[in-house]
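Whatever order the structure lists ligands and atoms in, that order sets their numbers, starting from 1.
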Amino acid sequence: MSRAHNFNAGPAALPTEVLESAQTETVDFNNTGMSVMELSHRSPDYETVHNQAIASIKSLLDVPDDYEVLLLQGGASLQFPMIPMNFLPQGQTANYILTGSWSEKALKEAKLLGQTRSSASAEESNYTYIPNTSQLGLSEEDAYVHITSNNTIFGTQWQNFDLDWKSPLIADMSSDILSKPIPVERFSMIYAGAQKNLGPSGVTVVIIKKDLLNQSAESVPTLMRYDTHADKNSLYHTPPTFAIYMLNKVLNWIEQNGGAEGMRQRNTEKAELLYNVIDESNGFYQGHAQEESRSYMNVTFNLPSEDLNKKFLQEAKEAGFVGLNGHRSVGGCRASIYNAVSLESCQALKEFMIEFQNNNE
Ligand SMILES: *Cc1c(COP(=O)(O)O)cnc(C)c1O
């Protein structure tokens, strides 16, 4: 068996052990004589998986008792309209801090549904940094403030959340959830599509403070309401059972590998390998992100010319590295090094980058 050095931005690498474990259970899960995909979502065998996944998220992230964990469909992108539908009443304003394309997309949906503002934006730099605390312009008047904790496309990341946010804080953590411990109590809501750090596509994790659940207007359609899903333990309608089963396995794997703190150490080590190559390349590799805003999940960089970018990507592909093309809005290269990407893959990429520089400088 050979596994690729997978640097895909999402869907992304999954732990080999998780895939192998799923493989052994594919036609007979838990002595049911059925695949987990064939079970009723009302069966005890499935419900155990479902409840274990929710319990693991709570314990891995130290989620306080006054929060619910929901497992929804529609990806992080469906959260973009759901949030204003539920939490942006007429006459109020929601504040979207702009740090990349995903924040822009979240804002675009909110604009369709209500009044918004953006008190801080890094757009003028093509999103090379996270605005610092003094630039945020927060206000108690805002219905909520929305941030993107890790900017998958540009490779920047909020380094901490230790400030007075003044209004309920809602974060899109699709590309860094469970990559490190986070102070959940600072947030009113956290959401994340699973396909970067937590599993396959098809399930979206929402961590929401219970006091938000009864705030939705009567007119919000049933399936678009958070309280519908909270009241039914995310079993109001058929959940994406296979995706949740895989999510549960990945959460188990995170538990076995030191939990959120274990992931932080693992991810720091990986990211530092690659950033060190960039920093020691005498400008051959240029990071897109400003140093103090660097992402430990998506390492974005450019070579000295478009031709060298192309050559690098071509030779990397031939050498067995997958998914290193930068997003079309930034160009250049991007190594996505989510939880499941191994230190060995990052070590191999580091060596490849050094050799490529030696051969092409
Ligand atoms: C990938 C990504 C999304 C989009 O997620 P979908 O599940 O495809 O809707 C949203 N936000 C961020 C930060 C992402 O990285």
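- Between Trp158 and Trp165, the ring planes lie tilted relative to each other; the angle falls in the 30° to 60° range.
- In summary, the side chains of Ser293 and Thr156 do not present any donor paired with an acceptor at a separation below 3.5 Å, with no hydrogens or angles considered.
- A donor atom on one side chain and an acceptor atom on the other are not found under 3.5 Å apart for Asn339 and Ser179.
- In this comparison of Lys196, Gln73, Lys105, the heavy atom closest to atom 3 (C) of ligand 1 sits on Lys196.
- Among all protein heavy atoms, the one lying closest to atom 15 (O) of ligand 1 is Thr152 OG1, 2.5 Å.
- In terms of protein heavy-atom proximity, atom 5 (O) of ligand 1 is closest to Ala76 CB, 3.5 Å.
- Among all non-hydrogen protein atoms, the one lying nearest atom 9 (O) of ligand 1 is Ser77 OG, 2.6 Å.
- Under 4.0 Å is where a charged nitrogen must lie from a carboxylate oxygen, and between Arg117 and Glu141 no such pair does.
- Residues Phe154 and Thr99 have side chains not in contact (no heavy-atom distance under 4.5 Å, counting atoms from C-beta outward).
- A side-chain N or O of Asn309 and one of Asn302 form a donor-acceptor pair less than 3.5 Å apart.
- Note on ring orientation: taking the six-membered ring where Trp is involved, the planes of Phe356 and Phe284 are tilted (angle from 30° to 60°).
- Considering backbone and side-chain N/O of Gln195, one or more are found under 3.5 Å from N/O of ligand 1.
- Each of the following atoms of ligand 1 lies closer than 4.0 Å to a heavy atom of Gly75: 7 (O), 9 (O).
- Close contacts between ligand 1 and Thr148 involve ligand atoms 13 (C) [criterion: under 4.0 Å to a heavy atom].
- In terms of protein heavy atoms, atom 11 (N) of ligand 1 is closest to Asp172 OD2, 2.6 Å.
- Looking at Asn151 against ligand 1, nothing comes within 4.0 Å, counting heavy atoms.
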